[in-house]
Amino acid sequence: MNKFLSFLGLTRKSGKLLLGYNKNEEAIKLRQLFLVIISTGAAENTKKKFQGLAERAGVPLIEDFTIEELGQALGRKEIAVVGVIDRSMAAKLLSIREPGDIDG
């Protein structure tokens, strides 16, 4: 597992991660997210929705991991949408991402 996914797991353990479509949609509208991560296997409507929300809110969006990779990193079978609610953890994740991890 790469450093990004390992740190994502630590972010979840610290309680600074939101999992799932509805929680992240609400948080980004309330300007509480500092980073959105969408799996490459998320539904096209989900991708478009969060790309638009992230762009309007000025929040970086990463789309480079499968549903299974995100799920494994976060102790689930699968996860499609993840949001970071801590500014410093989001910055750390962005700083350790591999080239090609960022989309938009």
Side-chain angles (χ1 to χ4, degrees):
M1 190 180 324
N2 72 22
K3 288 194 309 188
F4 183 93
L5 291 174
S6 295
F7 193 78
L8 194 63
L10 291 174
T11 304
R12 178 172 189 215
K13 287 178 184 164
S14 73
K16 304 297 183 185
L17 210 60
L18 295 179
L19 305 179
Y21 186 103
N22 292 333
K23 287 180 184 177
N24 281 287
E25 181 182 20
E26 182 71 19
I28 200 166
K29 287 178 178 177
L30 294 172
R31 306 239 183 233
Q32 296 172 338
L33 289 188
F34 297 98
L35 176 63
V36 177
I37 303 152
I38 299 179
S39 76
T40 55
E44 284 304 312
N45 286 344
T46 298
K47 290 180 185 181
K48 287 179 184 175
K49 172 101 175 186
F50 279 94
Q51 287 165 350
L53 288 170
E55 190 175 313
R56 283 191 294 282
V59 174
L61 183 138
I62 293 175
E63 183 187 329
D64 196 51
F65 302 101
T66 67
I67 286 175
E68 295 82 11
E69 286 171 328
L70 287 175
Q72 182 180 10
L74 300 173
R76 291 235 177 135
K77 185 176 179 191
E78 298 178 341
I79 189 77
V81 182
V82 178
V84 181
I85 58 172
D86 181 87
R87 186 183 308 272
S88 63
M89 289 189 157
K92 174 71 174 175
L93 284 162
L94 288 167
S95 75
I96 62 175
R97 77 184 189 282
E98 298 296 320
D101 282 356
I102 193 89
D103 181 54

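Keep in mind that what you see is a predicted model, and the values were worked out from it rather than measured.
- When each of I79, L8, I85, L35 is checked for a side-chain contact (heavy atoms from CB on, under 4.5 Å) with L17, only L8 meets the rule.
- Listed by first and then second residue, the ring-ring contact (aromatic ring centres under 6.0 Å, His included) pairs that reach into residues 75-97 come to none, sequence neighbours excluded.
- Every pair passing salt bridge (Lys or Arg N to Asp or Glu O under 4.0 Å) that includes a residue from residues 25-40 is listed here, sequence neighbours excluded: E25-K29, E25-K49.
- Atoms CZ and CD1, from R97 and I62 in turn, are 6.0 Å apart once rounded to the nearest 0.5 Å.
- Residue pairs meeting the salt bridge (Lys or Arg N to Asp or Glu O under 4.0 Å) criterion with at least one member in residues 83-93, sequence neighbours excluded, do not occur.
- With rounding to the nearest 0.5 angstrom, the CD1 atom of I28 is 9.0 Å from the CZ atom of R56.
- In this structure, the side chain to side chain contact (heavy atoms under 4.5 Å, CB included) partners of E78, at least two apart in sequence or on a different chain, are I67, E68.
- With values rounded to the nearest 0.5 angstrom, I37 atom CD1 is found 5.5 Å from L93 atom CG.
- Applying the side-chain hydrogen bond (donor to acceptor under 3.5 Å, both in side chains) test to residues at least two apart or on different chains, none of the pairs has a partner in residues 8-17.
- Among all heavy-atom pairs drawn from L61 and A54, the shortest one is CD1-CB, 4.0 Å.
- Rounding to the nearest 0.5 Å gives a distance of 12.0 Å between CD of Q72 and CZ of F65.
- Residue pairs meeting the ring-ring contact (aromatic ring centres under 6.0 Å, His included) criterion with at least one partner in residues 70-94, sequence neighbours excluded, do not occur; the list is empty.
- Applying the side chain to side chain contact (heavy atoms under 4.5 Å, CB included) test to A42 and every residue at least two apart in sequence or in another chain returns I38, S39, T46, K47, A80.
- Not counting sequence neighbours, the partners of F50 by the ring pair (Phe, Tyr, Trp, His ring centres under 6.0 Å) test are Y21.
- Tracing side-chain contacts under 4.5 Å through hydrophobic residues (I, L, V, M, F, W, Y), one never reaches F34 starting from L18; they form parts of separate clusters.
- Going from atom CG of N2 over to atom CG of D64 covers 8.5 Å, rounded to the nearest 0.5 Å.
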